[in-house]
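Notes follow once the structure below has been shown.
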Amino acid sequence: MTISAFAQRLIDAVGADSVFTSSDDVAPWLADWRGMYRGNAQAVVRPRTTEDVAKVLALCQSTATPVVPRGGNTGLCGGATPDSFTQNVVLSLDRMNTVRSLDTIANTLVAEAGCILEDLQRAARDANRLLPLSLAAEGSCQLGGNLATNAGGVNVVRYGMTRELVLGVEAVLPNGEILHGLRTLRKDNTGYDLKQLLIGSEGTLGVITAAALRLYAPTPVRQVVIAAVTSPRQALELYELLFAECGPRMQAFEFFTGECVDLVMAHVPGVRAPFAERHAGYVLVELADTTDEQALAALLERVIETAIERDLCADAVVSSTLGQVEEMWKLREEISEAQRADGQHLKHDISLPIEAIPEFMTSAEVRVRRVCPQVRPFIFGHFGDGNLHYNLSRPAGEVADFMARHGEAITAEVLDEVARFGGSISAEHGIGQLKREYFAKYKSPLELRLMREIKAVFDPAGIMNPGKLL
């Protein structure tokens, strides 16, 4: 195989075992896991050190070669998939997967960007600490991708988004300079917080190579309840009661409709319905604490009794074993896979003021059904932090290209309604290439101008993840 002059320069910079140029080697890196996007690249580079990342970026900037950073390929917006330009270089940090330090006095963990999230959770757990970032893809997503997209997950109610867990970052700028910002200080008021510009930037400003993360005391005592609700309004009132009574012990408050449970039951073996009777909606709540399982169970049971007395839920079941906890969570966590098995669908990862969710769900359905009366909504999400996955599947029996013909019109209705309620078109998945046009439509001109100016400062040659975000 003939190696191009540029590929040879990459090999000279970081070694032949880190550069892949054959079509067979490159092909697996060109598509997203959903199969929505596929691009081109002349090479895939898998460096082992931050210094090697710096060499790659410096070379790419000097030759105006686009660079596409790629994590675990679990994103939902095509943010880590190259565009059609054949000269792209895909940069994977999967070999940079070392935990550099773990401090149980300062309660910090410093890890490289290629670390799998589940491995970091385990490392913290082995040290009797908790890394609270948790999401469905944690067995394969990488820390770098979590940082680049400011990942959310199920514990945001208690611990916040990814950016709230980060104390410092190490990153490589497009010109090859290394930003040495791996400070583990809890307080540092010395000017602009540059790490926060990089977190959530989707690889368009530079490449985060490592991060210092906050750790917390472990919360081995867990109690989960699934409550049946008649409406999103009732779910909201239940949330208010639980927040007031349980305070910081509440680390998850998830909502999903009866249609979601029907879908999981149809496509996921071994899952049982939570109640004998089907209900319009369900709420899954998890409380967690450091000690005293009996006290936590008593608290949850007392609050649920109050909720039933006040007609804030129609029925409820509280976990009594760890197996029941996992079984309850499976109902929620398998919704996305069940919808994938069901066929073509539209995903809308949106956030809203929490108090507006019930009204939004009513009005958005009216708008969507004007476009397609038979469309099937599957709505679920992190109700406690205002994040809904407002997903819609094609009508039963419709042809396979239904979403290609009607998806754009349906999405326009949903996102216009999100904007009317003062919400966001992306809560935790990012923009990528899926939402780029919508991003330009719904962000204010001033915000867009400032973002472009920031991009120009960090990446004047425009090589970082082209076609994404801006």
Side-chain angles (χ1 to χ4, degrees), residues 1 3-22 25-26 28-30 41-73 79-82 87-101 109-117 119-120 141-148 166 168-183 194-195 198-199 201-213 458-466:
M1 182 186 69
I3 301 293
S4 70
F6 178 78
Q8 187 60 55
R9 292 179 69 183
L10 283 173
I11 291 170
D12 293 343
V14 297
D17 61 343
S18 295
V19 180
F20 303 85
T21 58
S22 75
D25 288 336
V26 172
W29 302 84
L30 300 181
Q42 63 173 313
V44 174
V45 183
R46 300 169 66 196
R48 288 185 167 84
T49 68
T50 301
E51 289 70 25
D52 281 351
V53 175
K55 292 174 184 176
V56 171
L57 291 190
L59 175 58
C60 287
Q61 178 168 281
S62 70
T63 55
T65 302
V67 178
V68 182
R70 187 177 174 98
N73 194 32
T81 305
Q87 297 306 301
N88 290 318
V89 168
V90 173
L91 180 68
S92 170
L93 271 60
D94 62 331
R95 290 175 169 175
M96 294 180 60
N97 53 19
T98 300
V99 175
R100 295 184 184 176
S101 68
L109 181 152
V110 177
E112 293 179 339
C115 290
I116 301 296
L117 176 56
D119 293 339
L120 296 181
C141 66
Q142 295 174 12
L143 177 60
N146 300 149
L147 296 164
V166 180
V169 300
E170 172 189 271
V172 180
L173 303 183
N175 65 1
E177 289 184 287
I178 300 174
L179 177 65
H180 297 284
L182 278 180
R183 289 178 286 273
L194 297 177
K195 70 177 181 294
L198 292 162
I199 298 169
S201 68
E202 302 188 37
T204 62
L205 301 182
V207 177
I208 297 174
T209 50
L213 306 174
F458 276 79
D459 182 25
I463 67 166
M464 296 305 306
N465 212 8

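- Looking only at distances, a side-chain donor or acceptor of N465 sits under 3.5 Å from a matching main-chain atom of E202.
- For the pair L198/F458, a side-chain contact is recorded, criterion being any heavy-atom separation below 4.5 Å from C-beta on.
- By the side-chain hydrogen bond (donor to acceptor under 3.5 Å, both in side chains) test, E170 is found to be paired with T50, R100, T209, residues two or more places apart in sequence or in another chain being considered.
- Summarising the geometry of P69 relative to M464, their closest heavy-atom pair is CG-CE, 3.9 Å, with the distance given to 0.1 Å.
- Minimum interatomic distance between G203 and A148 (heavy atoms only, all atoms of both residues): N-CB, 4.2 Å.
- Among residues two or more places apart in sequence or in another chain, the side-chain hydrogen bond (donor to acceptor under 3.5 Å, both in side chains) test is passed with S92 by D94.
- If you take OG on S18 and CD1 on I11, they are separated by 10.0 Å, rounding to the nearest 0.5 Å.
- By the 4.5 Å heavy-atom criterion applied to side chains, L213 and V166 are counted as neighbours.
- When every heavy atom of V53 is checked against every heavy atom of P47, the shortest pair comes out as CG2-CG, 3.6 Å.
- Taking NZ of K195 as the start and CG of L182 as the end, the distance is 11.0 Å to the nearest 0.5 Å.
- With sequence neighbours left out, Q87 forms a side-chain hydrogen bond (donor to acceptor under 3.5 Å, both in side chains) with Q42.
- Judged as a side-chain hydrogen bond (donor to acceptor under 3.5 Å, both in side chains), and not counting sequence neighbours, the contacts of R183 are D188.
- Counting heavy atoms from C-beta outward, V99 and L120 have side chains that approach closer than 4.5 Å.
- Atom CG of N97 is separated from atom CD1 of I116 by 8.0 Å, given to the nearest 0.5 angstrom.
- Residue I208 is tested with L179, V169, V172 for a side chain to side chain contact (heavy atoms under 4.5 Å, CB included); the sole match is V169.
- Taking all atoms of both residues into account, the shortest heavy-atom contact from V56 to L91 is CG1-CD1, 4.3 Å.
- Here A13 pairs with K55 under the side-chain contact (heavy atoms from CB on, under 4.5 Å) rule; sequence neighbours left out.
- The CG atom of L30 lies 10.5 Å from the CG atom of N73; values are rounded to the nearest 0.5 Å.
- Every side-chain contact (heavy atoms from CB on, under 4.5 Å) that L59 has, sequence neighbours left out, goes to F6, R9, L10, S62, T63.
- Two residues are said to be in side-chain contact when any heavy atoms from C-beta on lie closer than 4.5 Å; T204 and D459 fail this criterion.
- Side chains of P82 and V90 form a contact here, defined as non-hydrogen atoms less than 4.5 Å apart.
- Tested against D17, the residues R46, R48, R95 include a single salt bridge (Lys or Arg N to Asp or Glu O under 4.0 Å) partner, R48.
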